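In what follows, a structure is listed as structure tokens, so that the remarks can point back to it.
Heads up: numbering here begins at 1 and tracks the sequence. Being a predicted model, the structure only gives us computed values, none of them experimental.
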Amino acid sequence: MSKTTTKSSKTQHLSKEQLIEAIRKKKECNARAQAIVESLLERNIDEDAFLRKLKDINQCHYDDIVDERNILQLCSYPLCDKVLKNVPAKQYQISTTTNKVYDITDRKKFCSTKCFKASEYVKSQMLTSPLWMRQQEIIPEFKLLKLDD
């Protein structure tokens with residue numbers, strides 16, 4: 001047996017039906033994720049509903065939510081209803097206490113450092129895998145940082 005024959009015999013071939021089912025599953029997952037992204041652009045998001053929706057999106061979808069809320073001039077943390085006002089035009093912040101320069105591009109999308117940290121905490125728990133391949137994965141139980149105004 002040649003190396004190419006051995007290689008191809010080990011390759012798993014999907015049937016036409018399996019391929020069609022995989023494509024259908026991918027479309028279904030993407031449509032559900034898109035609906036979730038759109039629903040999280042609203043104000044007054046319920047905490048429990050938010051946590052339930054996170055299992056059906058990945059970090060890329062969450063980044064879309066952050067960016068879209070920013071375009072709408074809302075705090076980019078979905079559980080915050082504040083409108084963004086007086087957003088600094090500058091890109092960098094100089095800290096005199098640490099003598100460091102910080103890029104605040106992402107931080108400017110949030111009404112406060114608390115919301116920024118809470119959002120980053122949620123995002124850090126999210127899976128990065130394709131949505132349609134999640135049936136083999138263990139979905140984490142998402143937790144929130146308490147904002148305690």
**Study point:** Rounded distance [0.5 Å steps], CG in N58 versus CG in L127
**Key:**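 The distance works out to 8.5 Å.
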**Study point:** Partner set under side-chain contact (heavy atoms from CB on, under 4.5 Å) for T113, not counting sequence neighbours
**Key:**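 For T113 the side-chain contact (heavy atoms from CB on, under 4.5 Å) partners, ignoring immediate neighbours, are R107, K117.
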Show which side-chain atoms of residues 25-33 pair as donor or acceptor with protein atoms under 3.5 Å away, not counting sequence neighbours.
| unit_1 | atom_1 | unit_2 | atom_2 | d |
| --- | --- | --- | --- | --- |
| E28 | OE1 | R24 | NH1 | 2.6 |
| N30 | ND2 | K26 | O | 3.4 |

May I ask you to decide if [Y]'s main-chain N or O and [X]'s side chain share a donor-acceptor pair within less than 3.5 Å?
X	Y	result
S119	F116	no
N70	S76	no
Q59	K123	yes
R69	L74	no

Check your understanding: More than 12 heavy atoms of other residues, nucleotides or ligands under 6.0 Å from CD of Q125: is that the case?
Key ->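 Yes, because the 6.0 Å sphere around CD of Q125 holds more than 12 heavy atoms from other groups.
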In terms of hydrophobic clusters joined by side-chain contacts under 4.5 Å, are [X] and [Y] together?
X	Y	value
V66	L41	no
Y121	M126	no
Y62	L145	no

Review point. Ion pair present between E47 and K146, side-chain N to carboxylate O less than 4.0 angstrom?
Key: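 Looking at K146 together with E47, the answer is yes, because their closest N to O distance falls below 4.0 Å.
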List the atom of [X], the atom of [Y], and the distance in Å for their closest heavy-atom pair.
X	Y	answer
L79	L144	CD1-CD1, 3.6 Å
K109	L84	O-CD1, 3.6 Å
C111	C75	N-SG, 3.4 Å

Review point. Between H61 and D64, is any side-chain donor less than 3.5 angstrom from a side-chain acceptor?
Key: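 No - no donor-acceptor pair under 3.5 Å links their side chains.
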